[in-house]
Each structure stands twice: as structure tokens, then as C-alpha cells.
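Beneath this line is the structure, given in C-alpha cells, with notes to follow.
Side chains included, hydrogens not; waters and symmetry mates left out as well; all remaining heavy atoms used.
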Amino acid sequence: MALQGGFIEHIHALDRLGIPSFEIRQKADLENKPLDGLILPGGESTTIGKLLRELDLFEPLRQRIQKGTPVFGTCAGLILLSKEIANDSNQYLSAIDITAQRNAFGRQLGSFHTIAPFAGVGEIPMTFIRAPFIAKAAEGVEILAEVQNRVVAARQGSILVTAFHPELTEDLSVHQYFLDLC
Amino acid sequence: MNNRYELNKNLAQMLKGGVIMDVTTPEQARIAEKAGACAVMALERIPADIRAAGGVSRMSDPKMIREIQEAVSIPVMAKVRIGHFTEAQILQAVEIDYIDESEVLSPADDKYHIDKTKFNVPFVCGAKDLGEALRRIAEGASMIRTKGEPGTGDIVQAVRHMRRISQEIRKLQNQRDDELFHAAKDLQVPYDLVQYVHDQGKLPVVNFAAGGVATPADAALMMQLGAEGVFVGSGIFKSGNPARRAEAIVKAVTNFKDAKLLASLSEDLGEAMVGINEQEIALLMAERGQ
């Protein structure tokens with residue numbers, strides 16, 4: 001999803017894994033295209049959410065996800081996929097049964113980098129930029145990573161969300177994790 | 001480079017493909033956020049008014065900045081005068097998301113820019129050629145924008161600066177390794193930055209267009225010329241229908257190559273800001289801070 005934000009970084013990560021990808025900027029880009037998986041990048045959720053609606057991508061996307069297309073959301077992508085957002089009246093794709101808290105670690109001065117365990121993968125570098133966290137997760141949602149006692153990665157079926165940006169580090173293991181869901 | 005600098009470059013990466021809008025009140029900030037801005041620039045007067053009013057222009061009232069921070073959830077940026085590191089310390093104290101060390105305000109120092117490596121908050125700086133861009137990066141800027149000519153609604157200078165930076169990057173790419181030492185001397189920048197640009201064919205930080213963007217077509221033009229996003233200053237809130245124009249510019253930046261969509265976005269936007277041609281202005285802000 002290349003509406004706004006850090007999508008080129010995801011494309012580079014996929015390139016390095018030898019996976020072909022294409023950008024979705026409008027409805028026509030999504031129509032009649034075979035799609036094994038979809039990535040919602042980081043950026044501003046208010047911006048991407050608005051563009052999703054106004055470029056008529058919202059419905060086709062929601063249907064694809066409902067039909068089981070695997071989807072991976074980082075940071076703003078996590079917010080867009082959440083069923084609820086604690087500190088925002090907006091609601092977007094409502095695909096994963098979690099409550100997201102926006103800008104939960106504060107402003108840019110609160111952005112940080114750390115190394116923490118990711119379930120089934122091991123210790124990986126994690127970059128948080130004005131990041132959200134997962135305040136609540138329903139049953140059936142698997143918690144994959146926690147940092148500062150906050151849930152920062154989760155999976156429900158083939159929907160994967162991370163509050164951090166694996167695409168900003170050299171480590172490809174979260175992308176590989178997603179590809180295994182596809 | 002330290003971790004903080006990486007994180008600050010990373011925030012700029014997340015702003016890519018977006019529009020950063022100048023706002024002077026919480027009200028305008030809300031309009032900008034609703035229209036899809038990926039960040040707002042809080043300032044007391046927009047550049048067109050600074051230009052009209054004349055006199056010395058300074059950092060905004062921190063209270064006004066705080067009110068804007070409370071009004072929106074997107075990143076809030078604010079400007080300091082070139083070289084005025086105390087204004088920057090104040091903005092860091094109010095936890096601003098990005099500081100613009102900007103030629104739009106009256107320079108506080110006619111020789112030295114702020115040593116931006118001393119700060120934890122990120123800085124964006126203007127540049128009209130590759131030398132300026134790399135000097136600002138060497139001083140610690142984690143994002144670059146073209147200077148353009150602020151408050152004019154005239155795109156010609158932003159185009160000139162973007163083209164010049166791209167041309168100079170291409171020139172470096174084509175040079176032999178043993179010519180890079182001399183290139184660093186010519187550009188008056190550190191050798192390692194020259195080497196980076198030679199190897200990667202781009203700046204080491206995100207590069208936005210700024211200065212004179214007034215229409216969706218202007219924004220799309222800058223994106224096609226290689227900008228990674230756009231700042232819009234006076235162009236929005238000096239126009240007839242700010243909300244509508246702001247939305248159109250946001251969409252134009254996402255689909256900057258789709259002429260059909262650009263045509264429909266350009267319809268019925270109401271009056272554009274009244275522009276001033278570069279020959280008609282007495283003060284060239286882009287000449288501030290080399």
C-alpha cells in the first residue's frame with residue numbers, strides 16, 4: 001500500500017528476500033491483480049486512512065482481507081488494522097481484534113530503538129517511531145513481542161501487526177515470518 | 001552516527017509521500033489534519049504575511065505551539081531562525097517533533113548555522129544546491145527541503161533548486177573515485193558525504209520540496225522531479241478554499257503521475273493564492289544561510 005509513508009523500505013526488504021511486489025496507489029492498482037499478501041506501511045494513520053477511503057480503496061481492501069488475504073501492518077498499518085483505537089474516534093479496517101493506543105510512547109523524543117525477543121524468531125532489532133502499542137488483545141490473538149511491558153506485535157490468523165518498523169532495520173526475520181503466513 | 005540521529009532520519013522516512021502544511025492556529029491545524037496532512041508546521045504568520053509585514057520574524061510563541069500540539073495527533077514542527085540555537089533549545093523543551101532552521105525567519109547568525117548534532121530533536125533545513133544540502137547534513141540535519149521562494153506562490157525557485165540538487169547528484173555519480181576529493185573541496189562539504197552520494201545516487205536523508213507550492217499540479221510537478229514529499233506554506237491558507245485545496249494537494253502527492261486524476265483534483269478549487277513573481281520581490285529569502 002503506497003499511499004503515504006515508508007513503503008519503499010518494505011519493497012526493499014521484499015527485494016532482498018527475492019519476493020516481487022507492486023505499489024497500490026489507487027483502486028485500479030488493486031483490481032484483477034493476484035495478491036498473495038499485502039503490507040500496510042508506517043506513516044500517518046490519519047493520512048493513509050483518509051486516502052484509503054477517498055481513493056475508493058477501503059471496501060475492496062476490506063473484502064480482500066475478509067476473504068483471507070494475509071496482511072502485515074507496521075506502526076500506522078497496525079492502527080489501520082485494529083478493531084479499536086483507544087485515543088482516536090476513527091475506525092478503519094477493523095481486521096484484528098486488538099485495541100491500539102496511538103503515539104503511545106510520546107512524541108519524537110520518545111522514539112527509540114531496542115533489541116527484544118519475537119516469538120518463534122528470537123531476539124531482533126526493533127525501531128519505534130512515535131509508535132503505538134497494543135493496549136488490549138482479544139482471545140485468539142497471539143502476542144508475539146513485548147517491550148517495556150507493552151504488547152508491540154501480534155497475530156490473528158494471517159493478520160500480522162507490529163508497532164515497530166522491521167523495514168527500517170537490516171533484519172529480515174519479521175518479513176520472513178509474514179511470508180510464511182502467505 | 002548515533003542512534004538518535006538514525007531515529008530522527010527514520011521519522012522523516014515516515015513522512016514521505018505526504019504533505020506538511022503551515023498552520024497558525026489550532027483551528028487551521030485541525031483543518032490540515034482532516035485534509036490528510038502528514039504533519040503541520042506551527043508558525044505565527046505564514047510566509048506570505050511575513051513577506052508583506054516585513055520587519056524581524058522570530059520563533060513562534062511556545063504556548064501557541066503547545067495548543068497546536070494538543071489539537072492534532074500528527075507530528076508538529078516549528079521554525080527557528082538560522083543560527084538561533086536558543087530558540088531551538090526552547091522548542092526541544094516543548095518536545096517539538098521537528099525543528100525547521102528556516103530562512104523564512106530573519107537569520108540570527110549571518111555566518112554559523114546551529115550545531116544540530118547537539119540536539120535530540122530532529123532538524124529539517126532548506127537547500128538550493130547539493131553543497132548547501134550536504135553542509136546542513138554535516139551539521140546534523142536529518143531531513144532536507146528545497147528552499148524555493150517562500151510566500152510567493154511561485155514554483156520556479158523550488159523547481160530550480162530541486163533540479164540543481166538532482167543534477168549535482170548525477171554529476172557526482174559519474175565521477176571517478178579519485179575525483180571525489182576535489183568534488184568535496186568544490187562543494188565545501190565533508191568527503192564521506194560526497195562518497196555516500198557518489199555510491200548511492202541520493203542524499204543520505206529524505207528530501208522534500210518547499211517554497212511556492214500553490215496547486216495540486218505544483219505538488220505533482222515537484223514529486224515528478226524527485227521530491228519525496230511536499231511542504232505547503234502560504235498556498236493553502238491564503239487560498240479561497242483551504243480545506244478543499246489541502247485535500248487536493250494531498251491526493252496529488254500520492255498519485256503524482258496520474259494526469260487524469262490530477263485534472264479532476266484541479267477542478268473547482270476556488271481562488272489560488274495571489275502569487276508574486278520573483279522579479280517583483282525585494283527580499284530573496286532563499287539567499288539567507290548558504
| Salt-bridge present (Glu247(B), Arg244(B); N to O < 4.0 Å) |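 Salt bridge between Glu247(B) and Arg244(B), a charged N being under 4.0 Å from a carboxylate O: no.
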
Which portion of [X] sits near chain B, non-hydrogen atoms under 4.5 angstrom:
X: Glu23(A); result: neither
X: Phe128(A); result: backbone
X: Leu51(A); result: side chain
X: Ile48(A); result: neither

| message | Between Ala39(B) and chain A, with a heavy-atom cut-off of 4.5 Å, which part of the residue counts as in contact: side chain, backbone, both or neither? | response |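 Neither part; nothing is under 4.5 Å.
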
| Heavy atoms from other residues, nucleotides or ligands near OH of Tyr177(A) exceed 12 (cutoff 6.0 Å) |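 Buried by this count: over 12 neighbours within 6.0 Å.
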
| field | Winner by heavy-atom pair count (cut-off under 4.5 Å) against chain B, out of His165(A), Glu44(A), Arg102(A), Arg130(A) | value |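 Most heavy-atom pairs within the cutoff with chain B belong to Arg130(A).
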
| field | Greatest number of heavy atom pairs closer than 4.5 Å to chain B - which of Gly110(A), Ala76(A), Gly49(A), Gly43(A) | value |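 Among Gly110(A), Ala76(A), Gly49(A), Gly43(A), the one with the most close pairs to chain B is Gly43(A).
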
| query | Are Lys33(A) and Phe22(A) in a cation-pi setup, meaning NZ or CZ lies under 6.0 angstrom from the ring centre and within 45 degrees of the ring axis? | reply |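 Judged by the rule (NZ or CZ under 6.0 Å from the ring centre, within 45° of its axis), Lys33(A) counts as positioned above Phe22(A).
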
| Which pair of non-hydrogen atoms, one from Val205(B) and one from Ala141(B), has the smallest distance, and what is that distance? |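 Closest approach of Val205(B) to Ala141(B), heavy atoms only: CG1-O, 4.0 Å.
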
| said: Give me the atom names and distance for the closest heavy-atom approach of Arg145(B) to Val124(B). | reply: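 For Arg145(B) versus Val124(B), the nearest heavy atoms are CG-CG2, 3.9 Å.
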
